[in-house]
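Data block below; observations after.
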Amino acid sequence: MTSNKQPDVMLIFDLDGVVVDPLSAKADQDVVRSMADELLQNRPEAVITGRNFEWVGEKFLPTLGKLVLPAEMANLYIVAEKSGVTAETQDGQWRVTIDDRLIPPHEFKDKAQGLLTVDRGGWTLGDTMFWDAGKQTMVSIEKKPSVTLEEFKTPQQILKQELNNLLKAEGLLKEFHTDDTTIATDVEHVNATKYSGGKAVLGWLAERGVSPQSFVVFGDSDSDRKIAEAFSNHGHKTTFVFVGNPEALEANQDEGYETVITGGGYSKDTAAYLKNLKTN
């Protein structure tokens, strides 16, 4: 950070569905342009995603890199795999840190991958989803790009149940759990959460002596609510903007933050909210 001025608002983004369209898998140009504007004005912002850093580098960073120089990305902090992997730039190069304490046993990972090829009477789970080999600290099985969200829903429910059964059989339920998002099912360490991701961002800010007056968190799955909780529970004014399917957001009566539910337009709703934020 080169400026002593504290930012009024800091923006925090999930990626899938929020910045990157869940069907086209392309970054929304309007959203990325708004994110670039923040960096160009020397304002910090962060990404907290369940994706691996390799995917972030493929789907998001090249688009952003067309608008800002490597040195200007020093104000961007990336939390991947919910908190298992963090990345920041140093001298224009990305420095990636992996928390190997969160990695599931290899034996479990092999058995989990095997669930995709089990014959289920002429079809397999692998017909609609694939193994994400790029994950460093978690298991992630993702919807194939050609499969619609509706087609993915039932196989995803079957997969989640079988992963839970496998965790129980392997004696791992105390250390690991499953989490389903819009386009994937993850098995993650209990300490690898988006709440932990939010705390990682707060730690990054503290190291730089930066204290935003408030936070705006963009998410499209119920687990993204945990990001807002992390900031709110540490005494920060927080707004959670939910751009996903409203039916996917569970009721929560104990929110310590404002929740804005949009029309379920995903990245288009993110772009619209950011545009409105700039004009007010």
Side-chain angles (χ1 to χ4, degrees), residues 10-20 25 27 32 35 39 44-65 70 73-106 108-109 112-113 130-142 163 172 175-208 217-221 223-231:
M10 180 174 176
L11 306 178
I12 312 292
F13 300 86
D14 176 38
L15 279 186
D16 269 321
V18 172
V19 178
V20 178
V32 177
M35 297 177 74
L39 297 177
E45 59 187 347
V47 165
I48 302 177
T49 178
R51 290 283 197 171
N52 62 60
F53 183 72
E54 180 182 353
W55 186 92
V56 177
E58 176 186 346
K59 297 293 185 179
F60 169 64
L61 290 179
T63 306
L64 182 64
M73 290 196 190
N75 282 333
L76 175 64
Y77 189 59
I78 294 177
V79 179
E81 301 188 29
K82 298 188 178 176
S83 64
V85 177
T86 56
E88 56 187 310
T89 58
Q90 188 174 54
D91 299 325
Q93 299 295 319
W94 285 101
R95 183 181 67 185
V96 179
T97 302
I98 299 171
D99 189 345
D100 56 10
R101 298 171 300 177
L102 307 181
I103 301 175
H106 290 297
F108 171 82
K109 293 172 71 173
Q113 187 171 8
F130 68 94
W131 180 264
D132 183 351
K135 288 291 177 70
Q136 300 290 327
T137 63
M138 66 169 64
V139 164
S140 188
I141 299 173
E142 183 183 336
L163 287 171
L172 296 172
E175 295 178 81
F176 297 89
H177 63 90
T178 59
D179 178 50
D180 49 341
T181 66
T182 302
I183 52 84
T185 303
D186 301 326
V187 177
E188 58 201 24
H189 196 279
V190 293
N191 294 329
T193 66
K194 290 197 172 180
Y195 189 95
S196 297
K199 289 174 61 178
V201 171
L202 288 172
W204 177 72
L205 290 171
E207 289 176 359
R208 288 153 179 76
V217 177
F218 294 88
D220 73 320
S221 64
S223 64
D224 294 325
R225 187 201 300 273
K226 295 296 182 181
I227 304 172
E229 288 181 8
F231 297 117

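No experiment lies behind these values; they were computed from the predicted model shown.
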Check: Lys226 and Thr193 side chains under 4.5 Å, non-hydrogen atoms: no

Atom of Ile103, atom of Phe176 and distance for their closest heavy-atom approach: O-CZ, 3.9 Å

Sub-4.5 Å side-chain heavy-atom contact between Gln136 and Val96: no

pair Val85-Asn52: side-chain heavy atoms closer than 4.5 Å: no

Matching residue for Ile183 among Val20, Asp16, Asp220 - test: side-chain contact (heavy atoms from CB on, under 4.5 Å): Asp16

Closest non-hydrogen atom pair, Ala74 against Thr89: CA-OG1, 3.2 Å

Beyond-backbone contact of Val187 with Leu172, side-chain heavy atoms, under 4.5 angstrom: no

Pair Lys135-Ser140, side-chain donor/acceptor within less than 3.5 Å: yes

Phe60 vs Thr49, side-chain contact (heavy atoms from CB on, under 4.5 Å): CA-CA, chis, key distance, verdict: CA-CA 12 Å; Phe60 169 64; Thr49 178; over 6 Å; no

Carboxylate-amine/guanidinium proximity below 4.0 Å for Glu58 and Arg51: no

CD1-OH distance between Ile227 and Tyr195, expressed to the nearest 0.5 angstrom: 12.5 Å

Glu54 CD: over 12 foreign heavy atoms closer than 6.0 Å: no

Closest non-hydrogen atom pair, Leu102 against Gly84: CD1-CA, 3.7 Å

Minimum heavy-atom distance Met73-Trp94, with the two atoms named: SD-CZ2, 3.7 Å

Steps toward side-chain contact (heavy atoms from CB on, under 4.5 Å) verdict (Leu76, Leu39): CA-CA 7 Å; Leu76 175 64; Leu39 297 177; 4.1 Å; yes

Nearest atoms (heavy-atom pairs only) where Pro104 meets Thr137: CD-O, 3.4 Å

Aromatic ring pairing Phe218/Phe13, orientation class (parallel under 30°, perpendicular over 60°, tilted between): parallel

Nearest-0.5 Å distance, NZ of residue Lys82 to CG of residue Asp99: 15.0 Å

Heavy-atom pair of closest approach, residues Ala27 and Lys59: CB-O, 3.7 Å

Pairwise side-chain contact, Arg208 with Tyr77, heavy-atom cut-off 4.5 Å (strictly under): no

Inter-residue atom distance Glu175.CD - His189.NE2, 0.5 Å rounding: 5.0 Å

From Ile98 atom CD1 to Glu81 atom CD, the distance as rounded to the nearest 0.5 Å: 7.5 Å

Test item: Ser196 side-chain N/O and Asn191 main-chain N/O as donor-acceptor pair under 3.5 Å: yes

Distance in Å, Ile48 CD1 paired with Leu15 CG, rounded so as to fall on 0.5 Å steps: 10.5 Å

Flag if over 12 foreign heavy atoms under 6.0 Å of NZ, Lys109: yes

Salt bridge (charged side-chain N to carboxylate O under 4.0 Å, His left out) partner of Lys194, the single match among Asp14, Asp179, Asp186: Asp14

pair Val79-Trp204: side-chain heavy atoms closer than 4.5 Å: no

Main-chain N/O of Arg95 paired with Gln90 side-chain donor or acceptor, under 3.5 Å: no

